[in-house]
*Asks:* 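I have a structure I would like to understand better, so I am pasting it below and will then ask my questions one at a time.
The chains referred to below are lettered A, B, ... by the order of the sequence lines, with proteins before strands, and numbering in each begins at 1.
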Number of protein chains: 2
Amino acid sequence: MIEATPNPVTTVMRALADPTRRAVFERVFESKEISVAELTRGSGVTQGAISQHLKSLKQAGLVAERAEGRNVYYRAAPQGLEPLVTWMDHYGLFWRERFQNLRDLLKEIDP
Amino acid sequence: MIEATPNPVTTVMRALADPTRRAVFERVFESKEISVAELTRGSGVTQGAISQHLKSLKQAGLVAERAEGRNVYYRAAPQGLEPLVTWMDHYGLFWRERFQNLRDLLKEIDP
DNA sequence: GAATTGAATTAGCAGATGCTAATGAATTAG
DNA sequence: CTAATTCATTAGCATCTGCTAATTCAATTC
């Protein structure tokens with residue numbers, strides 16, 4: 001079965017399924033803003049590869065960019081995760097169990 | 001960067017990233033139990049393909065099986081989604097918004 | 001017992017994927 | 001102005017993936 005225009009869930013899952021690409025997202029997420037060069041350092045892959053991963057993440061709506069001079073700074077766009085959350089809402093029944101342990105968390109947010 | 005033993009998050013995401021395979025999981029989830037033949041019907045792919053997808057899902061811990069006679073019945077194992085949930089717990093900050101609407105749900109569970 | 005059905009496995013293939021190396025465009029530094 | 005830095009893009013590649021078709025084994029059915 002082929003999806004003409006791929007489902008958002010598919011897009012996001014595919015973007016995050018690759019460990020290298022997911023690691024890029026995580027680093028972008030943890031830094032408020034981070035340049036491509038900085039992302040490349042210690043990534044184990046070339047700058048070109050990083051740019052390609054960033055392109056995928058951007059198309060999935062998971063990161064956004066801001067150009068400044070010759071640098072391009074990326075930041076996470078966690079709203080991009082919404083398709084995943086919605087999907088899990090529906091198919092992750094076992095959440096119910098989690099909700100039982102959630103009282104503490106709620107207190108933390110609104111004591 | 002190559003992962004020797006792939007991360008559970010990677011395993012689950014990869015299993016669910018493919019639309020056909022995810023559709024299989026969803027159908028298994030919605031039926032309490034379902035045979036391979038039944039899954040094959042209306043899936044658009046051959047029985048062999050379905051078996052391969054089920055194998056992936058099983059290795060990811062997302063489904064379990066029960067053999068009876070010459071049939072094999074599959075059921076969802078939503079605990080297999082835990083790696084995903086844990087990951088999102090960490091990287092899906094925007095959950096905070098959702099938590100605000102959660103009070104009602106909690107009351108429903110423990111009035 | 002022979003034919004049928006359900007399911008797993010395999011070989012083989014077309015297409016997708018992730019990577020590198022190289023190139024090019026743009027900005028900054030000397 | 002020239003050299004160096006940052007980033008995106010491309011071609012080419014080795015590998016992975018999802019599929020079909022075919023085979024095999026097991027369990028019903030006739």
*Asks:* So what does A:Ala49 hit on the nucleic acid, given a heavy-atom distance under 4.0 Å: a base, only sugar-phosphate, or nothing?
*Replies:*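 Base contact - A:Ala49 has a heavy atom under 4.0 Å of at least one base atom.
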*Asks:* Output yes when a side-chain donor or acceptor of A:Ser43 lies under 3.5 Å from a complementary backbone atom of A:Thr40, and no otherwise.
*Replies:*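 Yes: the side chain of A:Ser43 pairs with the backbone of A:Thr40.
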*Asks:* Distance check needed: D:dT28 P versus B:Glu68 CD, whole Å only.
*Replies:*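 Whole-Å distance recorded here is 9 Å.
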*Asks:* Which heavy atom of A:Leu39 sits nearest a heavy atom of A:Arg27, and at what distance?
*Replies:*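 So the minimum-distance heavy-atom pair works out to O-NH1, 3.0 Å.
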*Asks:* So do B:Arg75 and B:Val63 actually touch side chain to side chain, heavy atoms under 4.5 Å?
*Replies:*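 A side-chain contact under 4.5 Å is absent here.
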*Asks:* Which one, D:dG18, C:dT20, D:dT5, comes nearest to the side chain of A:Val45?
*Replies:*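 In terms of side-chain proximity for A:Val45, the closest of D:dG18, C:dT20, D:dT5 is C:dT20.
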*Asks:* When the distance from CD of A:Glu33 to P of D:dT6 is rounded to whole Å, what number comes out?
*Replies:*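 Going from A:Glu33 (CD) to D:dT6 (P), I get 16 Å.
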*Asks:* If I take atom CG in residue B:Asp18 and atom P in nucleotide D:dC16, what distance separates them, rounded to the nearest angstrom?
*Replies:*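 It works out to 17 Å between those atoms.
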*Asks:* Answer with yes or no whether the side chains of B:Trp87 and B:Glu82 bring together a donor and an acceptor at under 3.5 Å.
*Replies:*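 No, no side-chain donor-acceptor contact under 3.5 Å.
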*Asks:* Would you say B:Ser31's side chain and B:Ile34's backbone share a donor-acceptor pair under 3.5 angstrom?
*Replies:*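 Not at all, since once roles are kept as given, no pair shorter than 3.5 Å links the two residues.
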*Asks:* Starting from P on D:dC7, measure out to CG on A:Asn71 and report it in whole angstrom.
*Replies:*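 After rounding, the reported distance stands at 5 Å.
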*Asks:* What nucleic acid atoms does B:Ser35 come within less than 4.0 Å of, heavy atoms only: base, sugar-phosphate, or nothing?
*Replies:*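 B:Ser35: backbone/sugar contact only, no base atoms under 4.0 Å.
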*Asks:* Taking A:Phe25 as the fixed residue, which of A:Leu16, A:Asp18, A:Leu54 is the one that meets the side-chain contact (heavy atoms from CB on, under 4.5 Å) rule?
*Replies:*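 Among A:Leu16, A:Asp18, A:Leu54, the one meeting side-chain contact (heavy atoms from CB on, under 4.5 Å) with A:Phe25 is A:Leu16.
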*Asks:* With a 4.0 Å cutoff (strictly under), does any side-chain N or O of B:Thr46 reach OP1 or OP2 of D:dT20?
*Replies:*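 Yes.
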*Asks:* Here's a test of your reading of the structure: between A:Ala37 and B:Gly48, which maps to the more 5' nucleotide of DNA chain D?
*Replies:*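 So the residue in question is A:Ala37.
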*Asks:* From the list D:dT5, D:dT9, D:dG18, which nucleotide is the closest neighbour of the side chain of A:Arg70?
*Replies:*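 Out of D:dT5, D:dT9, D:dG18, the nucleotide with an atom closest to A:Arg70's side chain is D:dT5.
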*Asks:* Output the rounded distance in Å from CD (A:Gln47) to P (C:dG24).
*Replies:*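 Nearest whole value for this atom pair: 16 Å.
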*Asks:* What is the distance, to the nearest angstrom, from the CD1 atom on A:Ile50 to the P atom on D:dT9?
*Replies:*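 Nearest whole value for this atom pair: 15 Å.
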*Asks:* Indicate, with a heavy-atom threshold strictly under 4.0 Å, whether A:Tyr73 touches base, sugar-phosphate, or nothing.
*Replies:*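 Nothing: the residue A:Tyr73, judged by heavy atoms under 4.0 Å, touches no strand.
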*Asks:* Can you give the dot-bracket line for DNA chain C, using ( ) for pairs inside the strand, [ ] for pairs that cross earlier ones, | for pairs with another strand and . for unpaired bases, where Watson-Crick and G-U count if both distances are under 3.5 Å?
*Replies:* ||||||||||||||||||||||||||||||
*Asks:* Within the structure, does a side-chain N or O atom of A:Tyr74 lie under 4.0 Å from either OP1 or OP2 of D:dA8?
*Replies:*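 Answer is yes, contact under 4.0 Å.
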*Asks:* Flag yes if more than 12 heavy atoms outside A:Arg66 fall under 6.0 Å of its CZ atom; otherwise flag no.
*Replies:*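 Above 12, so yes.
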*Asks:* Between C:dT9 atom C1' and B:Gln59 atom CD, what is the distance in whole Å?
*Replies:*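 Those two atoms, CD and C1', are 13 Å apart.
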*Asks:* Ignoring hydrogens and angles, are the base of D:dA8 and the side chain of A:Gln52 linked by a donor-acceptor pair under 3.5 Å?
*Replies:*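 No such pair is found, so the answer is no.
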*Asks:* Give a yes or no answer on whether the side chain of A:Arg21 reaches the backbone of A:Gln52 with a donor-acceptor pair at less than 3.5 Å.
*Replies:*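 No, the answer is negative, given that no donor and acceptor are paired below the 3.5 Å cut-off.
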*Asks:* Mind calculating the distance between CZ (B:Arg21) and C1' (D:dC19) to the nearest angstrom?
*Replies:*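 Checked: the CZ to C1' distance equals 12 Å.
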*Asks:* Report which part of the nucleic acid B:Gly69 touches: base, sugar-phosphate, or nothing (heavy-atom distance under 4.0 Å, all strands).
*Replies:*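 Contact class for B:Gly69: sugar-phosphate only.
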*Asks:* Which of these nucleotides, D:dG18, C:dC19, C:dG6, is closest to any side-chain atom of B:His53?
*Replies:*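 Among D:dG18, C:dC19, C:dG6, the one nearest the side chain of B:His53 is D:dG18.
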